[in-house]
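In what follows, a single structure is set out as structure tokens and then discussed.
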Amino acid sequence: MKEILLIGFYQPNEELNRFLSSAQQEFKIPVRYLQEYAALGTGGGIYHFRDQILSGSPQQFFVLNADVCSEFPLEDMLRFQKEHGDAHSFIILATTANRKQSLNYGCIVENEHTSEVLHYVEKPSTFVSDIINCGIYLFTPEIFQHIGAVFRKNQQDVMLDEQCNGWQRAEVIRLEQDIFTALAAQEKLYVYKTDRFWSQIKSAGSAIYASRLYLNQYHKTHPERLATNKDGGPKIIGNVYVHPTANIDPTAVLGPNVSIGTGVTIGAGVRVRESIILHGATLQDHSCVLNSIIGWDSTIGKWARVEGTPSDPNPNDPYAKIDSETLFRDGKLTPSITILGCNVTIPSEVIILNSIVLPHKDLNRSFKNQIIL
Ligand SMILES: Nc1nc2c(ncn2[C@@H]2O[C@H](COP(=O)(O)OP(=O)(O)O[C@H]3O[C@H](CO)[C@@H](O)[C@H](O)[C@@H]3O)[C@@H](O)[C@H]2O)c(=O)[nH]1
């Protein structure tokens with residue numbers, strides 16, 4: 001791997017720049033952010049920056065959606081490409097979903113013998129296939145010829161349509177609908193199926209689930225990254241990550257599925273389960289945090305209870321995925337995890353249940369099922 005390019009249409013800010021430079025230092029690889037002038041779609045985005053992507057003449061490159069978590073079996077995909085198709089074929093990583101949930105993803109029909117993609121439908125309205133697109137692709141530079149053809153076709157369409165504002169429309173290209181659908185059954189596009197962990201991260205609730213998947217993975221591959229029960233340390237249950245700079249009272253009980261960030265302070269008798277505590281937060285003595293995300297520099301008072309409702313996939317269905325449901329159903333806030341934005345203060349002895357608290361709020365009482373602005 002030579003370089004990582006992040007492509008998006010957001011204005012870069014100081015936080016992003018700090019992240020880029022610390023990632024470069026940590027992973028010892030150039031990491032750059034390329035900003036689109038407008039949302040160009042996944043195909044349009046990489047096409048717009050094709051010169052940057054192709055500088056250094058890579059033979060292949062990966063394109064990863066930013067909102068997925070996975071074991072990212074990239075080497076397996078490279079190996080698969082060598083074994084199947086030819087050196088110029090494109091590979092989509094796929095996994096199996098249940099019939100109902102498959103409709104929320106890109107669906108793939110394959111030739112079972114050759115793994116060639118025969119048919120691709122993005123988010124179909126009726127069942128097409130339980131093999132779904134994971135949003136992780138291996139391309140060769142030739143993909144730009146296919147995107148370029150769509151771009152030129154769009155340009156012609158735009159010229160014929162006098163009313164529309166030219167370039168922008170022509171440059172918006174979606175990989176799935178505009179490229180994959182056309183490439184199916186052309187002996188170009190192949191699918192590599194994985195049964196390793198994979199999930200979308202579309203809602204805040206899925207962050208806690210994704211964190212569990214990564215901690216499980218660490219348990220198998222990097223157990224040294226996880227906290228253990230030590231004399232003079234807190235009680236650890238299951239998979240827990242604690243940043244070395246966190247200050248944790250030995251009478252606290254953490255886990256399972258807990259991540260504690262930089263400089264967090266956790267007082268005596270605190271209980272944390274299924275939660276993410278971001279940097280600089282303070283959990284005062286005997287507070288209890290369950291199924292929640294605590295934002296940067298927030299403070300939870302003594303004996304306070306911050307609790308959410310997990311939205312995990314059905315554990316009895318091996319192919320179930322997390323539902324990226326909307327915040328409201330039938331006009332009501334769906335019970336979900338509790339999220340505190342940054343710099344929120346929760347007083348002592350209150351309960352915050354299934355709520356979303358926006359940054360910099362200083363609460364003075366208990367809240368249940370609310371979005372607090
Ligand atoms: N640079 C850039 N990125 C974009 C743009 N539009 C979307 N993206 C990025 O492309 C990724 C997926 O885009 P979505 O539009 O949110 O699609 P989706 O509903 O997540 O579905 C996609 O991912 C599923 C797997 O998670 C797939 O199953 C599905 O087929 C599709 O690829 C996200 O990381 C999103 O940030 C754009 O204009 N520019």
Side-chain angles (χ1 to χ4, degrees), residues 4-12 16 31-50 52-53 61-73 77 90-110 117 119-125 127-139 143-144 147 150-151 154 167-184 189 191-194 196-204 206-207 209-210 213 313 319-326:
I4 296 173
L5 302 175
L6 307 179
I7 303 184
F9 47 88
Y10 303 104
Q11 192 75 33
L16 179 68
V31 186
R32 284 189 294 143
Y33 177 65
L34 305 176
Q35 190 194 354
E36 290 155 45
Y37 63 87
L40 299 178
T42 36
I46 60 171
Y47 187 67
H48 187 69
F49 290 112
R50 61 194 179 282
Q52 305 265 1
I53 295 171
F61 60 94
F62 288 98
V63 172
L64 318 175
N65 281 359
D67 56 357
V68 296
C69 77
S70 167
E71 221 176 299
F72 295 103
M77 288 171 73
F90 312 128
I91 313 294
I92 302 183
L93 183 72
T95 190
T96 310
N98 63 37
R99 284 180 76 98
K100 187 164 166 250
Q101 289 183 322
S102 68
L103 308 183
N104 302 327
Y105 299 90
C107 294
I108 297 165
V109 179
E110 64 162 343
V117 175
H119 190 46
Y120 183 96
V121 191
E122 182 64 19
K123 306 193 181 93
S125 45
F127 179 74
V128 169
S129 163
D130 58 1
I131 303 174
I132 59 160
N133 172 12
C134 291
I136 298 174
Y137 316 114
L138 173 59
F139 291 144
I143 191 74
F144 293 122
I147 307 179
V150 172
F151 173 61
N154 286 356
W167 281 89
Q168 192 156 320
R169 274 243 324 245
E171 285 218 323
V172 175
I173 300 168
R174 301 156 305 176
L175 267 181
E176 300 84 355
Q177 293 96 324
D178 299 327
I179 308 295
F180 295 159
T181 307
L183 281 179
L189 195 57
V191 54
Y192 174 70
K193 283 180 288 181
T194 183
R196 311 281 189 81
F197 83 85
W198 177 87
S199 174
Q200 271 190 333
I201 316 176
K202 287 270 182 216
S203 61
S206 43
Y209 176 64
L213 297 177
Y319 299 127
K321 306 278 173 282
I322 195 155
D323 272 322
S324 302
E325 48 189 313
T326 51

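Each ligand, and each atom within it, is numbered from 1 in the order the structure gives.
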- Message: Going by the closest heavy atom to atom 33 (C) of ligand 1, which one wins out of D67, I46, I7?
- Response: D67
- Got a protein heavy atom sitting under 4.0 Å from atom 36 (O) of ligand 1? no
- For W198, the ligand 1 atoms whose distance to one of its heavy atoms is below 4.0 Å: 25 (C), 26 (O)
- Can you tell me the protein heavy atom closest to atom 34 (O) of ligand 1 and the distance? A66 N, 2.8 Å
- Query: Which atoms from ligand 1 have a heavy atom of G8 less than 4.0 Å away?
  - Reply: 1 (N)
- Task: Could you check atom 23 (O) of ligand 1 against the protein and tell me its nearest heavy-atom contact, residue, atom and distance included?
- Result: N65 ND2, 3.0 Å
- With respect to atom 18 (P) of ligand 1, which of H48, E171, K202, K321 exhibits the smallest heavy-atom separation? K202
- Item | Numbered atoms of ligand 1 (with element) below 4.0 Å of Q200, judged on heavy atoms | 20 (O), 24 (C), 25 (C), 26 (O)
- Message: Students often mix this up, so state it plainly: with edges at 30° and 60°, are the rings of F139 and F90 parallel, tilted or perpendicular?
- Response: perpendicular
- Message: Under a 3.5 Å cutoff, is there a donor and acceptor pairing between the side chains of Y120 and E122?
- Response: yes
- Query: Protein heavy atoms: any of them under 4.0 Å from atom 15 (O) of ligand 1?
  - Reply: no
- Note on the structure: Quick note on ligand 1: atoms under 4.0 Å from a heavy atom of Y105 include exactly 28 (O)
- Would you confirm whether the ring centroid of Y137 sits within less than 6.0 angstrom of the ring centroid of F61? no
- Can you tell me if Q101 and D323 form a side-chain donor-acceptor pair at under 3.5 Å? yes
- Would you please determine whether G106 falls within less than 4.0 Å of ligand 1 on a heavy-atom basis? yes
- Query: In the protein, what heavy atom is nearest to atom 1 (N) of ligand 1, and what distance, to one decimal place, separates them?
  - Reply: E36 OE2, 2.4 Å
- Item | Gap between atom CD of E171 and atom OH of Y47 - 0.5 Å precision | 8.5 Å
- Message: What I want to find out is whether E176 reaches K123 closely enough, with some N-O distance under 4.0 Å, to be called a salt bridge.
- Response: no
- If you draw a 6.0 Å radius around CZ in F127, do more than 12 non-hydrogen atoms from other residues or ligands fall strictly inside? yes
- Can R99 and D130 be counted as an ion pair, charged N to O under 4.0 angstrom? no
- Item | Enumerated ligand 1 atoms positioned under 4.0 Å from heavy atoms of Y137 | 32 (O)
- Task: Just need the protein heavy atom nearest to atom 21 (O) of ligand 1, so name the residue and atom and give the distance.
- Result: K123 NZ, 3.3 Å
- Note on the structure: Of all protein heavy atoms, the one nearest atom 38 (O) of ligand 1 is G41 N, 2.6 Å
- Query: Does G106 offer a backbone N or O that forms a donor-acceptor pair with the side chain of N133 under 3.5 Å?
  - Reply: no
